[in-house]
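In what follows, chains carry the letters A, B, and so on, assigned in the order in which the sequence lines appear, proteins first and then strands, with residues in each chain numbered from 1. This structure is a prediction, so every number in the text was calculated from the model and none was measured. Side chains are part of it too, since the values below use all heavy atoms of this structure and drop only hydrogens, waters and symmetry mates.
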Amino acid sequence: MTLRIHNTLTGGKQEFVPLREGEVSLYVCGVTVYDDIHLGHARSIVVFDMVSRYLRQLGYDVTHVTNFTDVDDKIINRANEEGVDPLELSARYIDRYFEETDSLKVRRADAYPKASESMEAIIEMVEAIIDNGYGYATDEGNVYFSIAKVEDYGRLTNQRLEDMSGAREVMQDPQKRDPKDFAVWKAAKPGEVAWDSPWGRGRPGWHIECSAMIRSHMGDLIDIHGGGNDLIFPHHENEILQTEAVTGGTLARYWMHNGMLQLQDEKMSKSLGNFLRVSDLLREHDAQTLRFFLLNTHYRGPLVYTEGSLEEARSSLRRLWNTWRELQAYRRSAAGADDAAAPLERARAEFRQHMDDDFNSRAAISALFELARELNRMMADGSMSAAGAEAALELMGEFDEVFAILPDEGDGGELDAVVGLLADVRQELRRRRMFDLSDMIRDRLKEAGIQLEDQGEGVKWKRI
RNA sequence: GCCGGGGUAACAUAGAGGCCAUGUGGCGGACUGCAGAUCCGCAGACGGGAGUUCAAAUCUCCCUCCCGGCCCCA
C-alpha cells in the first residue's frame, strides 16, 4: 500500500514519493492575524494537522512549517482603528491563535515564520526577481512582478490569461506594465509600518512572504504545499512564479487544497452568525467534537455547517468514546478467550487503506465505527479476552494519534473514588427497591455532569 | 464569461461498473424497576434526461441547481 495524494497541479491523485527518502517537507499557508480564527481556519488547520500526523505515523520525518502574515492592509487598518501598533496587534492575535489551536489539540508545527521577521529573505528574493528580469521597480518605490516572461500563467487553476476576469482594470497603478503584474514590494504610505529596502521604505507584496519563507526555512523545493482552495489563485499561482523566477525550478511537488466551510443560508450578513469563532465554539463543545466534525468529511469537499452539526457530531463521537471507556473497564474483568485479532486486523487494514487514499479520514472513521460495533458485541457476550481488550485500546489509540478525537485521559483520581461510593450506595438502595432515593442520586449526579449507567452487575459512570 | 468542487435515503457523509456503506434520527425486539448504554433486526438513496454495457450511484453526452475562485480570504 502506498500513499496517494490529490495534486492540484495535475488535477489527479498521484503516488506520494518524497524528495528525500523518509522525509517530508510540508508548508501550509497560515492566517493573517488581525482577528480570532474562525471555524473555516480551523478546518484547514485541523486537516493539515491530520495530514502531518498521518505522515508521521507512516514513519516520515516531517518538517511542518506554517506562516503568520503579520504585515498586511487589514492589520494596519485594524490597528489604526484601535490606535495600537500593527505589530502589537498581530502579536496579540498570534497568542490567541496558539491558545485556540492548542485547545483544538493541534500539534505545533516545527516553525511559524512571520513576515515581519523575514524581511531579509524577502528583500533578497525581490532583488533576485529583478536581477533575473522578472521584476521592475517604479519611481514610486513599488516593485512589480512582470508576467511578460511567464509562459504558463494559470497552470494551477487550469485557466488561460485571456479568460480571466478583467474587473481589476480599475484602480491600477499607471506605472504597471501589465494589469496582471503583481506587487512584490509596496512603497509605504505615510504612517505605515515599513522597512528599509533598496527601493525605499516599504513592505512586502501579497505573495512574496511565502516564497521567501519557504526558501529560507525549507529550501528551494518542498514536498507538499497546502492551504485552503481559496488561495489557489492568485496566491499560490504567484508564489510559484516568484520562486521559479529566482530558483529556476519548481516550488512544490504536491499541492494540497482543503475545501471551504459553508454556512447554511447565511450570506454576507454582518450578524455574528456568519463568523464562527473557534473560541466561542470551544465554550460549548469540546475539542474532540470540533475535530470530529471537521474530519468526518473528506478534506477536499465542501463542508456545510448548520445549527445542529456539532450536536450530531457529538452524539456520533460519544459512541466511540463509549467503546473506548468500556474497554478500559472491561480489560480488568475480562473472562473471554478471544483476542479479537480478526476484527482488529481488519480495522487496521481498512484505516490504512482509506488514509492512504488521499487522507480519506471520513472513510477511515467509518472503519472505526465498524470496529467499535464488533468490540461492543464481544464485550457484551464476554467473549473478548483481557489481551484482546488491551490490543483494541492500543489500536484505537493508534488511530487517535492521527485524529485526536478520543477522550482526555485521567477522569479518575479522587472523583473516581467519590462517584464510586455514591454508585455503591445507589446500588444498595436499588437492591432494597428504594428507587426514589436511588433515582435521586442518579439525577443529582447528572446535574453535576456525571452520568451513571447500570450494567449487568456493575455500574459505569462518565462525564457528560 | 472562464476555472474548480458538489448535488447519495429524514439529516450528515463514504463509495466511483456487478458484491454488506458509516453515523445521527425513526421503528421493532433483547436487556431493564425506570433511564441510559449496548446488541439484534427493519424501513429508506443515488438532481433530471438520453446513451454505452449482460450489468451504471459509479463511464459518455446534454440539462439543471448549490458553493467556491478570478481584489483580500483557510
Taking atom C1' in both B:G25 and B:C11, what distance in whole Å separates the two?
8 Å
Within the modelled atom types, does a donor on one side and an acceptor on the other bring the side chain of A:Arg318 and the base of B:A37 under 3.5 Å apart?
no
Rounded to the nearest Å, what distance is computed from the CZ atom of residue A:Phe403 to the P atom of nucleotide B:U13?
17 Å
Sugar-phosphate only, base, or nothing, as touched by A:His207 at under 4.0 Å among non-hydrogen atoms
sugar-phosphate
A:Gly227 near the nucleic acid: base, sugar-phosphate alone, or nothing, with a heavy-atom cut-off under 4.0 Å?
sugar-phosphate
Does the side chain of A:Glu209 come under 3.5 Å of the side chain of A:Thr69 through a donor N or O and an acceptor N or O?
yes
So what does A:Leu231 touch, heavy atoms closer than 4.0 Å: a base, only the sugar-phosphate, or nothing?
sugar-phosphate
A:Cys29 has its side chain closest, among B:A14, B:G23, B:A74, to B:A74
Does B:A74 have its OP1 or OP2 closer than 4.0 Å to a side-chain nitrogen or oxygen of A:Thr32?
yes
Once you round it to whole Å, what is the distance between P of B:A21 and CG of A:Leu371?
19 Å
Base, sugar-phosphate, or nothing: which does A:Gly11 touch, judged by heavy atoms less than 4.0 Å apart?
nothing
Could one point to a donor on the side chain of A:Glu312 or the base of B:G23 with an acceptor on the other under 3.5 Å away?
yes
Any-strand Watson-Crick or G-U partner of B:A12, both distances under 3.5 Å:
B:U22
Donor-acceptor check, side chain of A:Ser146 to backbone of A:Gly135, threshold 3.5 angstrom: yes or no?
no
Among A:Phe351, A:Tyr54, A:Phe292, whose ring pair (Phe, Tyr, Trp, His ring centres under 6.0 Å) with A:Phe403 holds?
A:Phe351
Pick from A:Asn258, A:Asn229, A:Asp49: which one makes a side chain to side chain donor-acceptor pair (under 3.5 Å) with A:Ser44?
A:Asn258
Counting only side-chain heavy atoms from C-beta out, which of B:A37, B:C34, B:G23 sits nearest to A:Ser316?
B:G23
Return the nearest nucleotide to the side chain of A:Val304; candidates are B:C73, B:G5, B:U13.
B:U13
Tell me which nucleotide, if any, is Watson-Crick or G-U wobble paired with B:G36 when both distances must be under 3.5 Å.
none
At less than 4.0 Å, is any side-chain N or O atom of A:Asn296 found next to OP1 or OP2 of B:U22? Yes or no.
no
Please classify the nucleic acid contact of A:Asn258 as base, sugar-phosphate, or nothing, using heavy-atom distances under 4.0 Å.
base
Nearest-nucleotide 5' precedence on RNA chain B, A:Arg442 against A:Asn229:
A:Arg442
Checking B:C70, B:A74, B:A14 against the side chain of A:Ala363 (C-beta onward), the nearest is B:A14
Categorize A:Thr323 for me: base, sugar-phosphate, or nothing, with a 4.0 angstrom heavy-atom threshold over every strand shown.
nothing
With A:Asp35, the salt bridge (Lys or Arg N to Asp or Glu O under 4.0 Å) member among A:Arg96, A:Arg277, A:Lys74
A:Arg277
Whole-Å distance, A:Ile224 CD1 to B:A74 P, equals 20 Å
Determine whether a donor-acceptor pair (one donor, one acceptor, N or O, separation below 3.5 Å) exists between the side chain of A:Arg362 and the base of B:U22.
yes
Considering only atom C1', compute the distance from B:G49 to B:A10 and round it to an integer number of Å.
27 Å
Please determine, for B:C72, whether a Watson-Crick or G-U wobble partner exists with both distances under 3.5 Å, and give it or none.
none
Is a donor-acceptor contact shorter than 3.5 angstrom present between the side chain of A:Asp439 and the base of B:G33?
yes
For nucleotides B:U24 and B:C66, find the distance between their C1' atoms and express it as a whole number of Å.
24 Å
Test side chain to side chain contact (heavy atoms under 4.5 Å, CB included) on A:His285 and A:Glu311; report intermediate values, then the result.
CA-CA 9 Å; A:His285 306 275; A:Glu311 282 70 22; 3.4 Å; yes
Between B:A74 atom C1' and A:Met50 atom CE, what is the distance in whole Å?
14 Å
Considering heavy-atom distances to RNA chain B, does A:Leu261 or A:Asn376 have its closest nucleotide positioned more toward the 5' end?
A:Asn376
Shortest side-chain distance from A:Val31, nucleotide among B:C70, B:A74, B:A37
B:A74
Taking the same atom, P, in B:A21 and in B:C72, what whole-Å distance lies between them?
46 Å
Given the P atoms of B:U52 and B:G29, what is the spacing between them in whole Å?
50 Å
Does the B:G33 base have a donor-acceptor partner in the side chain of A:Arg430 within less than 3.5 Å?
yes
Nearest whole Å is fine: how far is B:C34 P from A:Leu429 CG?
18 Å
Rounded to the Å, how far apart are A:Phe292 CZ and B:A12 P?
15 Å
Is there a side-chain contact between A:Arg319 and the phosphate of B:C39, meaning an N or O under 4.0 Å from OP1 or OP2?
yes
When the P atoms of B:G1 and B:C59 are compared, how many Å lie between them, rounded to an integer?
25 Å
Under a 3.5 Å limit on both distances, the Watson-Crick or wobble mate of B:U60 is B:A50
Expressed in angstrom and rounded to an integer, what is the separation of A:Asp230 atom CG from B:C71 atom P?
13 Å
Expressed in whole Å, how much space separates the C1' atoms belonging to B:G28 and B:A56?
34 Å
How would you label the contact of A:Glu370 with the nucleic acid (heavy atoms, under 4.0 Å): base, sugar-phosphate, or nothing?
sugar-phosphate
Across the strands shown, which category fits A:His257 at heavy-atom distances under 4.0 angstrom: base, sugar-phosphate, nothing?
nothing
Paired to B:G44 by Watson-Crick or G-U wobble criteria (both distances under 3.5 Å) is none
Whether the A:Asn376 and A:Thr323 side chains hold a donor-acceptor pair (N or O, under 3.5 Å, no angle test) is what I'd like checked.
yes
Rounded to whole angstrom units, what separation is found between the CZ atom of A:Arg314 and the P atom of B:A12?
21 Å
Between A:Arg318 and A:Asp286 (salt bridge meaning N to carboxylate O under 4.0 Å), is one present in this structure?
yes
Using the six-membered base ring of B:G33, report whether A:Phe435 stacks on it, requiring centroids under 5.5 Å and planes under 30° apart.
yes
Looking at every strand, decide which applies to A:Arg373 at a 4.0 Å heavy-atom threshold: base, sugar-phosphate, or nothing.
sugar-phosphate
Rounded to whole angstrom, note down the C1' distance from B:C31 over to B:A37.
11 Å
One pair to check against ring-ring contact (aromatic ring centres under 6.0 Å, His included): A:Phe68 and A:Phe98. What are the steps and the verdict?
CA-CA 11 Å; A:Phe68 285 121; A:Phe98 283 124; 5.6 Å; yes
